[in-house]
Amino acid sequence: MANSLEGKIALVTGGTKGIGKAIADKLSSLGAKVIITARTKPNEEIAHYFIAGDLINPNTAQVIGEELLEKFGKVDIVVNNAGANTSPGGGYSSLTDEDWNNEIQLNLMSAVRVNKALIPAMVAQKEGVIINISTGAALQPLWKMTMSYSASKAALNAYTKALASELGPHGIRVNAVSPGLVKTPLMEAFIEDIAKKSNVTFDEAFGSIKAEIGDLPLGRMAEPEEVAELVSFLVSPEAKYITGSNYRIDGGAIPTV
Ligand SMILES: NC(=O)c1ccc[n+]([C@@H]2O[C@H](COP(=O)([O-])OP(=O)(O)OC[C@H]3O[C@@H](n4cnc5c(N)ncnc54)[C@H](OP(=O)(O)O)[C@@H]3O)[C@@H](O)[C@H]2O)c1
């Protein structure tokens, strides 16, 4: 796959940290010109073109799309990675309408709007690849921890499948990638929060999450770079027959087929 993305223009939302940063760096190493977005520009120097914007705001996707197309003239790869579990745990009674709405805006509508802004350019060139970063929690919702987050990402999965069906005839592939537990700032903050609330250590809190999931055969969290490897394959020409699929990368978690 050396330099197999030469000449490609790739957008990675949430590309400043964690999984998004690893994907941006990997696509760039394969020759793509990478544009990243986030709410905050990192202090350290970044190797990619940066566009600021909060994707909870309904207008942000259009602004990002317009700046990207004006500056680079086309887009070949879109990775909708920005997302998070922003709601409190504790089940249905802990979740307000605002919590539900925030999850849906960030985890579903951000991707819907970014894609809507950029798909016409892909249709015009009869080519493109979209990856929506979902989560294993959409397939295995944990009521104590992820109810609204899981529901919003399950909606993302259904949207991914429908979009793949619509866009296949236009030469555009659309897939979801569903990581399990990945060692990122988001996941570390999530575990630290559980540890603090339960008055246990970080490792004990991680153990309690593993126990909730039921099993984690590989026994550890993924590195963000491991998720980036899968994404880089799916966006490459080598994956040209793959669309409408949802790839789990979770160390064997989720005890069902
Ligand atoms: N970590 C895991 O274990 C795991 C597992 C399954 C799925 N995922 C999914 O993988 C994706 C990335 O997660 P991560 O763990 O890498 O997260 P992370 O370390 O918190 O990084 C998130 C990235 O998204 C940006 N972002 C967050 N909220 C945003 C908003 N409202 N508007 C625009 N950008 C925003 C962040 O930058 P700013 O904060 O500056 O905006 C950052 O660049 C998410 O969709 C998450 O649901 C993660």
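As the structure is a computational prediction, the values presented were derived from the model and not from experiment. Order of listing sets the numbers, starting from 1, for every ligand and every atom in it.
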Kindly confirm or rule out an N or O of [X] lying under 3.5 angstrom from an N or O of ligand 1.
X: T135; result: no
X: N107; result: no
X: V182; result: yes
X: T37; result: no
X: G20; result: no
X: P179; result: no

In terms of residue, atom name and distance, what is the protein heavy atom nearest to [atom]?
atom: atom 15 (O) of ligand 1; value: T184 OG1, 2.5 Å
atom: atom 4 (C) of ligand 1; value: G180 O, 3.9 Å
atom: atom 7 (C) of ligand 1; value: S134 O, 3.2 Å
atom: atom 21 (O) of ligand 1; value: K17 CB, 3.7 Å
atom: atom 20 (O) of ligand 1; value: L186 CB, 3.2 Å
atom: atom 46 (C) of ligand 1; value: Y149 OH, 3.6 Å
atom: atom 40 (O) of ligand 1; value: T40 N, 3.0 Å
atom: atom 12 (C) of ligand 1; value: N81 OD1, 3.2 Å

Nearest heavy-atom pair of P120 and K116: which atoms, and what distance?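 Heavy atoms only, the tightest pair is CD-O, 3.3 Å.
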Determine the minimum heavy-atom distance between L55 and A82, stating which atoms define it.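 Heavy-atom minimum between the residues: CD1-CB, 3.9 Å.
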I'd like to know if the side chain of [X] reaches the main chain of [Y], judged simply by a donor and an acceptor atom lying under 3.5 Å from each other, with no hydrogens or angles considered.
X: E103; Y: A151; result: no
X: Q125; Y: K74; result: no
X: N175; Y: I242; result: yes
X: T135; Y: S178; result: no
X: R248; Y: I254; result: yes

Stepwise side chain to side chain donor-acceptor pair (under 3.5 Å) check, S148 with D99: CA-CA 8 Å; S148 51; D99 293 327; over 6 Å; no
Residue portion contacting ligand 1 (non-hydrogen atoms closer than 4.0 Å) for L106: side chain
Specify side chain, backbone, both or neither for K153, according to which of its non-hydrogen atoms lie closer than 4.0 Å to ligand 1.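 The part of K153 near ligand 1 is the side chain, not the backbone.
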Determine, using heavy atoms of A222 and all atoms of ligand 1, whether some pair is separated by less than 4.0 Å.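 A222 does not count as a contact of ligand 1 under the 4.0 Å cut-off.
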Can you check salt bridge (Lys or Arg N to Asp or Glu O under 4.0 Å) on K26 and E225, steps first, answer last? CA-CA 8 Å; K26 180 70 191 179; E225 291 73 20; over 6 Å; no
To the nearest 0.5 Å, atom NZ of K33 lies from atom CD of E6 at 12.0 Å
